[in-house]
Amino acid sequence: MIITIDGPAGTGKSTVAQRVARELGFDFLDTGAMYRSVGLEALRQNIDLEDASQLERLTRDCHIEFNWSTQPPQILLNAQPVESLLRSPEVTRAASYIATVPAVRQLLVQQQQRIGHQRPNLVSEGRDQGSVVFPDAQRKFYLDATPHERAQRRVNQLRQQGKTADVDEVLRQILDRDERDRNRRAGPLVAAPGSTIIDTTHLSLQEVVQEITRMVRAL
Ligand code: DC
């Protein structure tokens, strides 16, 4: 059974998807980490983020793998663990640009679909999982929250890590990423047909996880 969870940045998708997968005994696929890995490699190789053909070549050469025996699965880029490098502001921004390139998306979508064949009980999280990658998924969810709430959550997270963060600045970055996610030609962020939309603005993480697992179990 494939379950998709899509939505904009800062809705808690990743944590929710991870917990739902654990509750159900499914595998968890973080597709954002794949775009981030290509972003990291582009920065390492100093590739122009506007150059679609170089980015396509780079994506073909990147070997992205998940170690499914760890929880959450460890991501390996060219055989090296990279998870700790994927959340920096530079990689976040690079991934957001790279994700607008249709040829890059096509390559990563194919890889995600292959994973779906190999790991048939999967909770897959991203922007286009229900709309493009797994249109026949048994259950699709779309998480949303107001931009202000999403910015506030991100700021709280950063402060917990001992970092300083300004809500207005984080809000600006979120709106900027939303704009690129929603308006790109290939795989734009949309609520896939047949998806259940959950507005998480006033819900706790636990409430969202419970709602999703309840609906999946009711199938
Ligand atoms: O979910 P995230 O913040 O880790 O995603 C990183 C970037 O990748 C973000 O800019 C959106 C993009 N992305 C995408 O376009 N499609 C996906 N399926 C997952 C992420």
Side-chain angles (χ1 to χ4, degrees), residues 4-11 13-14 17 29-67 72-118 124-135 147 150-151 154 158 163 165 169-192:
T4 61
I5 303 184
D6 291 304
T11 46
K13 281 185 319 288
S14 189
L29 176 61
D30 174 359
T31 61
M34 299 171 78
Y35 289 91
R36 286 173 183 270
S37 296
V38 178
L40 173 66
E41 194 58 25
L43 293 178
R44 281 174 167 172
Q45 295 192 21
N46 215 4
I47 285 176
D48 177 3
L49 298 178
E50 307 272 328
D51 187 337
S53 61
Q54 271 210 63
L55 290 172
E56 178 182 357
R57 196 164 339 116
L58 174 81
T59 310
R60 275 187 203 285
D61 291 344
C62 276
H63 189 66
I64 298 172
E65 255 187 319
F66 288 94
N67 174 0
Q74 185 188 38
I75 186 159
L76 302 165
L77 169 64
N78 300 326
Q80 298 297 318
V82 286
E83 178 58 48
S84 63
L85 306 173
L86 297 184
R87 314 281 149 191
S88 72
E90 295 76 24
V91 171
T92 300
R93 196 166 161 276
S96 169
Y97 275 97
I98 279 164
T100 63
V101 179
V104 169
R105 298 199 70 83
Q106 203 185 348
L107 289 166
L108 294 184
V109 164
Q110 284 167 359
Q111 215 172 316
Q112 291 156 18
Q113 288 171 333
R114 270 201 301 277
I115 291 172
H117 276 116
Q118 291 157 359
S124 192
E125 174 261 303
R127 304 290 187 287
D128 57 349
Q129 299 304 291
S131 55
V132 175
V133 182
F134 300 114
R150 291 189 278 130
R154 181 74 190 129
L158 289 168
K163 297 177 183 154
E169 172 58 17
V170 172
L171 179 61
R172 203 186 52 70
Q173 290 165 0
I174 281 188
L175 292 175
D176 197 43
R177 284 173 71 195
D178 278 3
E179 157 85 13
R180 274 197 292 280
D181 276 346
R182 293 203 165 102
N183 296 321
R184 63 176 168 242
R185 268 185 304 131
L189 171 65
V190 282

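Along the sequence shown, residues are numbered consecutively beginning with 1.
Across all their heavy atoms, D6 and D128 have their closest contact at OD1-N, 3.2 Å. Residues L175 and P147 approach most closely at CD2-CB, 3.8 Å, considering heavy atoms. Pairing each heavy atom of A33 with each of L86, the nearest pair is O-CD1, 3.8 Å. For the residue pair A52 and V101, the shortest heavy atom distance occurs at CB-CG1, 3.8 Å. The minimum heavy-atom distance linking Q113 with F134 is given by the pair CA-CE2, 4.0 Å. Summarising the geometry of A192 relative to G130, their closest heavy-atom pair is CB-C, 3.4 Å, with the distance given to 0.1 Å.
Listed by first then second residue, pairs satisfying side chain to side chain donor-acceptor pair (under 3.5 Å) with a partner in residues 74-88 read D30-R87, E83-R87, S88-E90, not counting sequence neighbours.
Within the 3.5 Å criterion, the main-chain N or O of A9 finds a donor-acceptor partner in the side chain of R150. Looking at K13, its side chain never comes within 3.5 Å of a backbone N or O of E125 through a donor-acceptor pair.
E169 and Q173 share a donor-acceptor pair across their side chains, judged by distance under 3.5 Å alone. The closest side-chain donor-acceptor pair between T31 and Q112, if any, does not fall under 3.5 angstrom. In the model, Q106 has no side-chain atom that pairs as donor or acceptor with a side-chain atom of E56 under 3.5 Å.
Using a 4.0 Å cut-off between charged side-chain N and carboxylate O, R172 and D176 make no salt bridge.
Residues P8 and D181 are not in side-chain contact: their nearest non-hydrogen atoms beyond the backbone lie 4.5 Å or more apart. C62 is not listed as a side-chain neighbour of T59, based on a closest heavy-atom distance of 4.5 Å or more. No side-chain heavy atom of V133 sits under 4.5 Å from any side-chain heavy atom of S124. Considering only heavy atoms from C-beta on, R105 stays 4.5 Å or farther from V132 through its side chain. Looking only at side-chain heavy atoms (C-beta outward), P73 and N67 stay at 4.5 Å or farther from each other.
Rounding to the nearest 0.5 Å gives a distance of 5.5 Å between OG1 of T92 and CZ of R177. Here the CD atom belonging to E65 is positioned 9.5 Å from the CD1 atom belonging to I115, to the nearest 0.5 angstrom. Taking CD from Q118 and CZ from F66, the interatomic distance works out to 11.5 Å, rounded to the nearest 0.5 Å. Separating the CZ atom in R180 from the CZ atom in R93 is a distance of 6.5 Å, to the nearest 0.5 Å. Taking CG of L77 as the reference point, atom OG of S37 lies at 5.0 Å (rounded to 0.5 Å). Note that CG of D61 is 10.5 Å distant from CG of L107, once rounded to the nearest 0.5 Å.
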Which side-chain N or O atoms in residues 41-48 pair as donor and acceptor under 3.5 Å with protein atoms at least two apart or in another chain?
| from | atom 1 | to | atom 2 | distance (Å) |
| --- | --- | --- | --- | --- |
| E41 | OE2 | Q45 | NE2 | 2.8 |
| D48 | OD1 | E50 | N | 3.0 |

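The number of heavy-atom neighbours closer than 6.0 Å to CZ of R184, taken from other residues, nucleotides and ligands shown, is above 12.
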